[in-house]
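Remarks on the structure that follows.
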There are 2 protein chains.
Amino acid sequence: MKVLSKACVYGLRALIYMALKKGDSPYVSIGEISEELDISFHFLTKTFQSLTEKGILKSYRGPSGGVAFAQPPEAIFLIDVVKIIEGEGFFDSCLLGLPGCGEAAPCPVHDFWKEARGAMKREFETTSLAGLADKVSRQRLRISE
Amino acid sequence: MKVLSKACVYGLRALIYMALKKGDSPYVSIGEISEELDISFHFLTKTFQSLTEKGILKSYRGPSGGVAFAQPPEAIFLIDVVKIIEGEGFFDSCLLGLPGCGEAAPCPVHDFWKEARGAMKREFETTSLAGLADKVSRQRLRISE
DNA sequence: AGGATTTAAGACTATTTTATCTTATTTTAT
DNA sequence: ATAAAATAAGATAAAATAGTCTTAAATCCT
Ligand code: SF4
Ligand code: SF4
């Protein structure tokens, strides 16, 4: 059961790294992140581009440029990131795919599945990047080797 | 968020069809099922083979042969089928894949994820084919067009 | 015995998704 | 100017999924 794509996992890791860093300048170069977390630079770049487009990040070119949060990490929730990277319909997935289904004539596992994916959605809606970063630093979790 | 593969969904649909049928002879030909549910015959055959190997189904060749439940559908739970088709580790998946994780140093979403996938597993462990078939027939749900 | 039916087994192909690399452009600091 | 950095688009590669086809073996019917 693979839930999140590599792009999404990489993106989240990188964002947590950023939230964890909060250094002098708000801008962190993608090169640094990719090196530090051992993620393909170009892959991460592409992923970040969509985050920038959607207003999660802002970017600055040139020397000592990089990307930075466009909103405080306290206000960025996992669902925002996931929806951008995995697609809008991520939490509308279907379990059995029976033909002719729908709320009117749902499949026999719909009740359960609706609840399960709802719980997941709620969790993603309420977990912020800052929250995760906090947990990571408090419990000394690693984000890379 | 695609959770189950086509093979698995097809397999489950076909099994529900069988559980729903309970005709004269216990054996149903794969040809009939594939036609009825509009699933590729060979594809379904392959999927069913693994179920037969693992003792969920038994098969009988020759005219008026087919496959039948090796155990009563009341005793076949979704998890049995899913584990065979999707693989043993289906419910051990990881959400964030942070390096160096583990119970000792779990990632910041582990608590939630462990619970979520546990709930899913429990549901799959307690839902039988007979139960689903029952629901389908009682609520007149469709399994094909 | 012979032909029809049906699963078994596995090779093979095709499609889609995921991931990575290449190249070139734009922007900015020094 | 030069170098550092993001941006952009697309080519390529690798892997996973899905689907098809061929042949063989078993079983039944006449
Ligand atoms: S009823 Fe719900 S779970 Fe079932 S097939 Fe439809 S969307 Fe999927
Ligand atoms: S702690 Fe759990 S959810 Fe987090 S990376 Fe490890 S297995 Fe995955």
Side-chain angles (χ1 to χ4, degrees), chain A residues 1-14 18 24-70 82 85-87 89-90 93 97, chain B residues 1-14 18 25-70 82 84-87 89-90 93 97:
Chain A
M1 175 168 43
K2 197 180 65 174
V3 177
L4 299 175
S5 70
K6 272 273 158 65
C8 195
V9 166
Y10 287 167
L12 288 173
R13 278 201 223 166
M18 286 173 64
D24 25 320
S25 153
Y27 287 95
V28 189
S29 96
I30 300 181
E32 175 193 325
I33 304 176
S34 76
E35 214 163 297
E36 211 63 41
L37 301 187
D38 200 43
I39 299 171
S40 151
F41 168 75
H42 291 96
F43 196 59
L44 186 55
T45 293
K46 215 163 40 173
T47 303
F48 268 7
Q49 269 163 26
S50 47
L51 294 178
T52 304
E53 262 173 29
K54 295 302 182 77
I56 300 277
L57 298 176
K58 59 189 173 185
S59 65
Y60 206 77
R61 307 194 204 191
S64 80
V67 291
F69 289 114
V82 168
I85 301 180
E86 300 288 10
F90 185 73
S93 78
Chain B
M1 173 168 45
K2 197 182 64 175
V3 177
L4 298 175
S5 69
K6 274 273 159 62
C8 195
V9 166
Y10 288 167
L12 289 173
R13 279 202 223 165
M18 287 173 64
S25 152
Y27 286 95
V28 189
S29 97
I30 300 181
E32 174 192 326
I33 303 176
S34 75
E35 216 164 295
E36 211 62 42
L37 301 187
D38 200 41
I39 299 171
S40 151
F41 168 77
H42 289 97
F43 196 61
L44 186 55
T45 294
K46 213 163 41 170
T47 303
F48 268 7
Q49 269 163 26
S50 47
L51 295 179
T52 304
E53 261 173 29
K54 295 302 182 75
I56 300 277
L57 298 177
K58 59 189 173 185
S59 65
Y60 207 78
R61 307 192 204 192
S64 80
V67 291
F69 289 114
V82 168
I84 291 171
I85 301 179
E86 300 287 11
F90 186 73
S93 78

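The structure displayed is predicted, hence computed values, not measured ones. Below, read A as the first sequence line, B as the second, and so on, with proteins coming before strands; counting in each chain starts at 1.
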Nucleotide C/dT7, atom C1' - distance to CG of B/L51 in whole Å: 14 Å

Listed nucleotide nearest any side-chain atom of B/S29, set D/dG19, C/dT6, D/dT7: C/dT6

B/Y60 side-chain N/O to C/dT5 phosphate OP1/OP2 under 4.0 Å: no

CD on B/E35 to CD1 on B/I33, rounded to 0.5 Å: 11.5 Å

Candidates C/dA4, C/dA8, D/dA8 - which lies nearest the side chain of B/Q49: C/dA8

Listed nucleotide nearest any side-chain atom of A/K6, set C/dA8, D/dT27, C/dT18: C/dT18

Distance in angstrom units between A/E32 CD and D/dA5 P, rounded: 10 Å

5′-ward residue of the pair A/S59/B/F43 relative to DNA chain D: A/S59

Side-chain N,O (B/S40) to OP1/OP2 (D/dT20) below 4.0 Å: yes

Side chain of B/H42 (C-beta onward), nearest among C/dT23, D/dT20, D/dA18: D/dT20

Donor/acceptor link under 3.5 angstrom from A/R61 side chain onto base of C/dT26: yes

B/Y10 side-chain N/O to D/dG19 phosphate OP1/OP2 under 4.0 Å: yes

Contact under 4.0 Å: B/K46 side-chain N or O vs C/dC12 OP1/OP2: no

Minimum-distance nucleotide to A/F41 side chain [options: D/dA8, D/dA6, D/dA24]: D/dA6

